[in-house]
Amino acid sequence: MTPYTAHTTEPVAGCAREEGTMSEQKPVQAQQTKAQGRGNGSRGPGYDDELYRIRHSAAHVMAQAVLEMFPEAKIAIGPPIEHGFYYDFDLPRPLTPEDLERIEARMREIIRGNHPFVRREVTPEEARELFKNQPYKLELIEDILSRGTDEYGNPLPEGERPVLTVYQHDTFVDLCRGPHVEHTGQIPVDAFKLLNVAGAYWRGDERRPMLQRIYGTAWKTAKDLRRYLNWLEEVKKRDHRRLGKDLDLFSIQPQLGAGLVLWHPKGGFIRHQMETFAREEHLKHGYQFVYTPHIGRSWLWETSGHLEFYKENMYAPMDIDGQEYYIKPMNCPFHILIYKSRVRSYRELPLRFAEWGTVYRYERTGVLHGLMRVRGFTQDDAHIFCRPDQMPEEIDRVLQFCLHILRSFGFSEFEAYLSTKPEKAVGSEEMWRDAEAALEAALQRAGIPYEIDEGGGAFYGPKIDLKLKDALGRSWQCSTIQFDFNLPERFDMTYVGEDGREHRPYMIHRALLGSMERFFGIMIEHYAGAFPVWLMPVQVRVIPITDRHNAYAQQLVQRLQAADVRAEADLSDERMNAKIRRAQLEKIPYMLIVGDKEVENGTVSLRTRTGERENNIPLEAVVERVQRVVAEKALI
RNA sequence: GCCGACGUAGCUCAACAGGCAGAGCGUCCGCCUUGUAAGCGGAUGGUUGUCGGUUCGAGUCCGACCGUCGGCUCCA
């Protein structure tokens, strides 16, 4: 697949006590401001790249076209972004798709005019005069002058003093730092396209006016543009909401409620396989499974601090016998109660409590998105309680385990973010230092690339967020390993040490897949619905050519099932071609086609979902192959 | 939550400018007995998301609600 970098969100903040264990998010177009602020080159062309200049210039040309169409338009900002550019406008009416076509057509004319981009430094007075009818620009000017930020609100590079510059091409002048191409003719006229219009708050602030944002994409060559548009098509084809329906995996129905997922038998089967495997591995790695209820008294949430810090994500309490109960947004308080159910000795640590815990969180309607962002979901959650001397090894083990699980599900590329102590934090300096050191050491040993988000940790502890890359090159945050210096205090958790005195244990939250719903969504898109054979509900479909081969087909199914291969025969009244087509659409890995020849020889003809063919082979060869592929967790 | 678009049969979509709601696929019933991605015929299928309003008449116009989509914001 085309290796475009992901549409990536910022690392998920998750929630308080359990930062990121939720890892609910959806990919959105990366925000240039943030990307620049981080100096993260992977999100798009760097500041001075040719692509950057093309896209930036295209944004200016678009603004000119829009201003010609709406002379009274107010223009905001128009930066280059990961795959293109956008520009925000305050317009007298909503834009239509036809408007976009007109704007695009006009852009081509402007481009063909070969108008030079001219940079000019201006005095504050000049700038204010020049943009006197552009309130957004005036605001930016004052910001640049007073706060030393660029036009996107980012701090200026070190050593740079606020200088106001404008760029002009043809009739359009914009407050802009540049750089641009030399003249509009250098914007490849056949390598850009306006994509869509969307609402966007002025300066990203929901209290400020809603502007209209036009997104465009721009490349160096028409071929690159086509490649990108094809990639978008591929993204669309793999959309888990589409495939979820086509493959009958799950549904989300208004009659049930938004953001609440129904797992259909096929989706349920795959999830069951995934969970069964993961549970086995957890047991092998020293985890103990616990089960906890879905609701708990307000005491629990008061003690944990959720009612203080997380209330807006929690559903209203229900009254039970005059007591307030809340449906759980997190599992941790329950696991802590299990820990606290009796005195703990240093000898029994570390304790690793795992639970596929279903939690419910209020999400605003506008953010719900298929399986990726829902209101009820199941985390592959665990909490590790250990002594300080055990902590570094625990961290190392949990990271290794995490990578092992993710690799088992077919992901091989990861990147990690280590978030360290913010200004306001609980816990001693020493605890933070030790924890951060352990996290970083584990990352280095694991040999995965990581970035340090200095001061980006939650107030209660440092963490590692792990992102995986899918087949389309998009990255998704799933796993999180998160220290918590806060909850052990709040719940007064202790263990009796060697010295006979009470000590505070370390507490580590971790989720590997994050949410089963979301991870399943990622799997669907990663595999385009053609899951590895070990996960497929039906691994082999036997296709008799005519109904006189049905008995033989059924016999084959029995032999396959006896060998633990999930097989079924298509005995429908269709002709073979239609049966193959149906199996193909269902993405069933192996089709066994049997007619007179096969019956006579006691063989089968194999067709894989990838189109591979092997005629007249013994059934045993197929069984062997399926068993091998299942054992290897391979694709086909 | 905010901006915009949208909601018609199980699915994908059509219905000029307010005038009898339609097609393909699916499903069901027949026929066909077939060699690597759709055989043929027939039947079935709808209170046009819900509620209210305008009109002689509403899928179509207006309002509210529910939900979906593209973004924004949010995801201490």
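Predicted model, so just to flag it, every value in this text is computed and none were measured. Per chain, numbering begins at 1; letters A, B, ... match sequence-line order.
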Geometric class of the A:Phe250/A:His240 ring pair [parallel <30°, tilted 30-60°, perpendicular >60°]: parallel
Presence of salt bridge, A:Glu586 and A:Arg541, under 4.0 angstrom: yes
Sugar-phosphate only, base, or nothing, as touched by A:Asp205 at under 4.0 Å among non-hydrogen atoms: nothing
A:Glu206/A:Arg364 ion pair, N-O < 4.0 Å: yes
Phosphate OP1/OP2 of B:G70 contacted by A:His369 side-chain N/O (<4.0 Å): yes
Aromatic plane relationship, A:His306 with A:Tyr310 - under 30° parallel, 30 to 60° tilted, over 60° perpendicular: perpendicular
A:Asp205/A:Arg207 ion pair, N-O < 4.0 Å: yes
Below 3.5 Å is the cut-off: list the nitrogen or oxygen pairs between protein and nucleotides 25-32 of chain B, distance only.
{"unit_1": "B:C31", "atom_1": "N4", "unit_2": "A:Asp573", "atom_2": "OD2", "d": "3.3"}
{"unit_1": "B:C32", "atom_1": "N4", "unit_2": "A:Asp573", "atom_2": "OD1", "d": "2.8"}
{"unit_1": "B:C32", "atom_1": "N4", "unit_2": "A:Asp573", "atom_2": "OD2", "d": "2.9"}

Sugar-phosphate, base or nothing in reach of A:Asn577, heavy atoms under 4.0 Å: sugar-phosphate
Salt bridge flag under 4.0 Å for residues A:Glu517 and A:Arg361: no
Whole-Å gap separating C1' (B:C74) and CZ (A:Arg364): 5 Å
Sugar-phosphate, base or nothing in reach of A:Gly204, heavy atoms under 4.0 Å: sugar-phosphate
Among A:Arg238, A:Lys237, A:Arg474, side-chain hydrogen bond (donor to acceptor under 3.5 Å, both in side chains) partner for A:Glu525: A:Arg474
Sugar-phosphate, base or nothing in reach of A:Ser605, heavy atoms under 4.0 Å: base
Any A:Tyr215 side-chain nitrogen or oxygen under 4.0 Å from OP1 or OP2 of B:C72: yes
Sugar-phosphate, base or nothing in reach of A:Glu612, heavy atoms under 4.0 Å: nothing
Paired nucleotide for B:A43 [Watson-Crick or G-U wobble; both distances under 3.5 Å]: B:U27
Aromatic plane relationship, A:Phe309 with A:Phe459 - under 30° parallel, 30 to 60° tilted, over 60° perpendicular: tilted
Measure all distances between protein nitrogen or oxygen atoms and nitrogen or oxygen atoms of nucleotides 2-11 of chain B, and list the pairs falling under 3.5 Å.
{"unit_1": "B:C2", "atom_1": "O4'", "unit_2": "A:Tyr201", "atom_2": "OH", "d": "3.4"}
{"unit_1": "B:C2", "atom_1": "O2", "unit_2": "A:Tyr201", "atom_2": "OH", "d": "3.4"}
{"unit_1": "B:C3", "atom_1": "O2", "unit_2": "A:Gly199", "atom_2": "N", "d": "3.3"}

Sugar-phosphate only, base, or nothing, as touched by A:Lys597 at under 4.0 Å among non-hydrogen atoms: base
Along RNA chain B (nearest heavy atom to each residue), the more 5'-positioned of A:Glu312 and A:Gly257: A:Gly257
Sugar-phosphate only, base, or nothing, as touched by A:Asn313 at under 4.0 Å among non-hydrogen atoms: nothing
Any-strand Watson-Crick or G-U partner of B:C6, both distances under 3.5 Å: B:G67
